[in-house]
Every structure is written in structure tokens, then in C-alpha cells.
*Asks:* 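First the structure, which I've put down as C-alpha cells, then a few questions once you've had a look.
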Amino acid sequence: MDPRLLGFEVDANLWLSVPPGALPHVGTALAARPGVHAVAVTTGPTDLLAAVFSSDPAALYRFLSTALAELPVTAVDTTLVGRAVERAGLRLRHGRIVTPGQHQNTTRGRRRRRPDRPGR
């Protein structure tokens, strides 16, 4: 689903540096916040990734300067997502849920006829 349909105009990934002992606390606190749709532990120069939806740039700024500022985060690198190619969730086709393994060549629940097999 496109988050803009729910009023979220800004999609951002926050790459966070956190002291090792604070990882569970920061991860749990972020996961409980409205607008945070994913939190993951990472490897490399940062420790956590938080994926955040905001209604507008000002709301993202408020999140960074208030909610995030209350946590023991030592550094943040914010990446704005211009366009998401895939998102987690249910896959829909023609308004119906497509389950994993379901035949992909369907038109509103009916199989399409293959040109090499007329009448079947």
C-alpha cells in the first residue's frame, strides 16, 4: 500500500549509532512509536535502522529533535526514500489478496486461455 494514502508524505530511513548496552531499549522504544514501521539491528558503521513514515518534513524534524533526542542515540544519518520499489505486506491483484504460490496469470479469479490451447 502506498503510505501517502494514509497521509504519510515522508518516508525516511534512520541509521542510528547506539551504545551496545542500549540496543534493546532503543529498539523497543522506537518500535512502539507511531509512524515507525520497522526497526532492525544492523552491522557496519551503524547499529540500528529505523524506517519512519511522517506526515510532512516538519513532522520528521519534530520526531528527530524530540522523540529521538530522548533516547541514548549518539549519531543519526537520515536517508529520505524517494520511491519504494517493494514493500512488505499483502500482495493485491484486481482488489483480491494474492497468496504465495497462487497462479499469477489470473484475471479476476479466472484463468486466462492460452492461445496454443483454445477451448480449454
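As the structure is a computational prediction, the values presented were derived from the model and not from experiment.
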*Asks:* Ignoring hydrogens and angles, write down the donor-acceptor pairs under 3.5 Å from the side chains of residues 72-81, residues two or more places apart or on other chains.
*Replies:*
{"residue": "Thr74", "atom": "OG1", "partner": "Ser17", "partner atom": "O", "Å": "3.1"}
{"residue": "Thr79", "atom": "OG1", "partner": "Trp15", "partner atom": "NE1", "Å": "3.4"}

*Asks:* I'd like to know if Leu64 and Val52 are part of one continuous hydrophobic network [Ile/Leu/Val/Met/Phe/Trp/Tyr, side-chain heavy atoms within less than 4.5 Å].
*Replies:* yes
*Asks:* Under 3.5 Å, side-chain donor or acceptor atoms of residues 41-48 against the rest of the protein: list the pairs with distances, not counting sequence neighbours.
*Replies:*
{"residue": "Thr42", "atom": "OG1", "partner": "Thr46", "partner atom": "O", "Å": "2.9"}
{"residue": "Thr42", "atom": "OG1", "partner": "Thr46", "partner atom": "OG1", "Å": "3.3"}
{"residue": "Thr42", "atom": "OG1", "partner": "Asp47", "partner atom": "O", "Å": "3.4"}
{"residue": "Asp47", "atom": "OD2", "partner": "Val18", "partner atom": "N", "Å": "2.7"}

*Asks:* With sequence neighbours excluded, what pairs up with Ala51 under the side chain to side chain contact (heavy atoms under 4.5 Å, CB included) test?
*Replies:* Asn13, His37, Ala38
*Asks:* Looking only at heavy atoms, which two atoms of Pro20 and Pro24 are closest? And how far apart?
*Replies:* O-CD, 4.2 Å
*Asks:* Kindly work out whether a path of hydrophobic side-chain contacts (I/L/V/M/F/W/Y, heavy atoms less than 4.5 Å apart) joins Val36 to Val10.
*Replies:* yes
*Asks:* Just verifying a value: how many Å separate Leu14 CG and Leu60 CG, rounded to the nearest 0.5 Å?
*Replies:* 6.5 Å
*Asks:* Calculate, to the nearest 0.5 Å, the distance between atoms CG and CG belonging to Leu71 and Leu16 respectively.
*Replies:* 9.0 Å
*Asks:* Out of curiosity, Thr66 OG1 to Tyr61 OH, how far, rounded to the nearest 0.5 Å?
*Replies:* 9.5 Å
*Asks:* Listed by chain and number, what are the side chain to side chain contact (heavy atoms under 4.5 Å, CB included) partners of Ala58, not counting sequence neighbours?
*Replies:* Asp56, Arg62
